[in-house]
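Below you'll find the structure, written out as structure tokens, and then a few comments.
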Amino acid sequence: ITDFAIANGQGRCFIGWEREFVRQYLAFHAGQNTLALAHDGHEIVALGTATQCNPDEIGNRWEWKPTNPKGRCLVLLDVVSTRPKALALLFVKMFQLWPPGSVERVVALRPNGPRLLTPRYIRLAVKGS
């Protein structure tokens, strides 16, 4: 999983991170069930981390903080995929962990700031469009 994350970060995720640091980060998310993996057969094709929080906590979710199961927002972090269809598989997996309606908004943290993911965007991604 660590090797996949590093190899496919595409210059956006895990930049300058030591391999052991990436491993620990992914283990942290796996330990609290906030790491999602998408597979095509036996091959990993996407991964992402997420955390549940309240709206006023969105900006500091880059820090390693435990997820808040009562939080109203789902913040997607460090999404890595090998191809666009893989992203659709990852969204399906993430929404098995956090069913629609369990949170009020879904936000992707990007290097240029948070991006609200609209229900339409999520539906298109899940359809693989």
Side-chain angles (χ1 to χ4, degrees):
I1 295 171
T2 301
D3 291 339
F4 173 85
I6 293 169
N8 295 287
Q10 301 164 338
R12 288 178 274 179
C13 298
F14 315 115
I15 300 168
W17 290 24
E18 301 271 336
R19 184 185 188 291
E20 179 57 18
F21 193 74
V22 174
R23 188 197 67 74
Q24 289 177 17
Y25 175 78
L26 296 174
F28 167 80
H29 279 284
Q32 58 174 2
N33 203 30
T34 56
L35 171 67
L37 299 172
H39 294 84
D40 184 3
H42 295 291
E43 175 188 6
I44 297 173
V45 293
L47 72 77
T49 62
T51 189
Q52 211 168 324
C53 66
N54 287 311
D56 61 333
E57 301 172 298
I58 290 173
N60 66 7
R61 294 324 292 183
W62 286 112
E63 301 172 23
W64 294 19
K65 292 185 178 179
T67 195
N68 173 1
K70 294 182 181 177
R72 299 187 332 250
C73 298
L74 181 65
V75 179
L76 307 183
L77 309 155
D78 301 310
V79 173
V80 175
S81 68
T82 57
R83 54 191 180 267
K85 279 270 194 197
L87 185 59
L89 292 171
L90 183 66
F91 273 131
V92 168
K93 184 67 173 178
M94 286 184 145
F95 291 111
Q96 288 172 348
L97 296 171
W98 296 278
S102 66
V103 293
E104 293 173 11
R105 17 179 158 159
V106 179
V107 176
L109 278 191
R110 310 291 296 161
N112 58 347
R115 177 179 174 187
L116 180 65
L117 301 183
T118 64
R120 182 176 183 277
Y121 175 88
I122 293 167
R123 276 194 310 275
L124 289 174
V126 168
K127 285 183 180 179
S129 300

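A pairwise comparison of heavy atoms in Phe91 and Leu76 identifies CE2-CD1, 3.6 Å as the closest pair. Contact record, Ala46 with Leu90: CB-CB, 3.9 Å, taken as the closest heavy-atom pair.
You'll find the side chain of Lys85 stays beyond 4.5 Å of the side chain of Leu89, heavy atoms only. Side-chain contact check for Tyr25 versus Asp78: some heavy-atom pair is nearer than 4.5 Å. When side chains are defined from C-beta on, Phe14 counts as touching Val80, because their heavy atoms get closer than 4.5 Å. Using a 4.5 Å cut-off on side-chain heavy atoms (C-beta onward), Arg72 and Val103 make no contact. Ile58 places a side-chain heavy atom less than 4.5 Å from the side chain of Cys53. Using a 4.5 Å heavy-atom threshold, the side chains of Lys70 and Asn54 count as separate. When side chains are defined from C-beta on, Glu57 does not count as touching Cys73, because their heavy atoms never get closer than 4.5 Å.
Counting only distance, with no hydrogens or angles, the side chain of Thr67 and the backbone of Gln52 share a donor-acceptor pair below 3.5 Å. Under the 3.5 Å distance criterion, the side-chain polar atoms of Thr34 are left unmatched by any main-chain donor or acceptor of Thr49.
Note that NZ of Lys65 and CD of Gln32 are 12.5 Å apart. Values are rounded to the nearest 0.5 Å. Phe21 CZ to Thr2 OG1: the interatomic distance, rounded to the nearest 0.5 Å, is 12.5 Å. Note that the CH2 atom of Trp98 and the NZ atom of Lys93 stand 10.5 Å from one another [nearest 0.5 Å]. Note that OG1 of Thr51 is 8.0 Å distant from CG of Leu74, once rounded to the nearest 0.5 Å. Between the CG atom in Asp40 and the OG1 atom in Thr82 there is a gap of 8.0 Å [rounded to 0.5 Å]. Note that the OG atom of Ser81 and the CG atom of Leu47 stand 9.0 Å from one another [nearest 0.5 Å].
By the neighbour-count criterion of 12 heavy atoms within 6.0 Å, atom CD1 of Ile1 is sparsely surrounded, having that number or fewer from other residues, nucleotides or ligands. For Glu18, the CD atom sits in a loose shell: 12 or fewer heavy atoms of surrounding residues, nucleotides or ligands are nearer than 6.0 Å.
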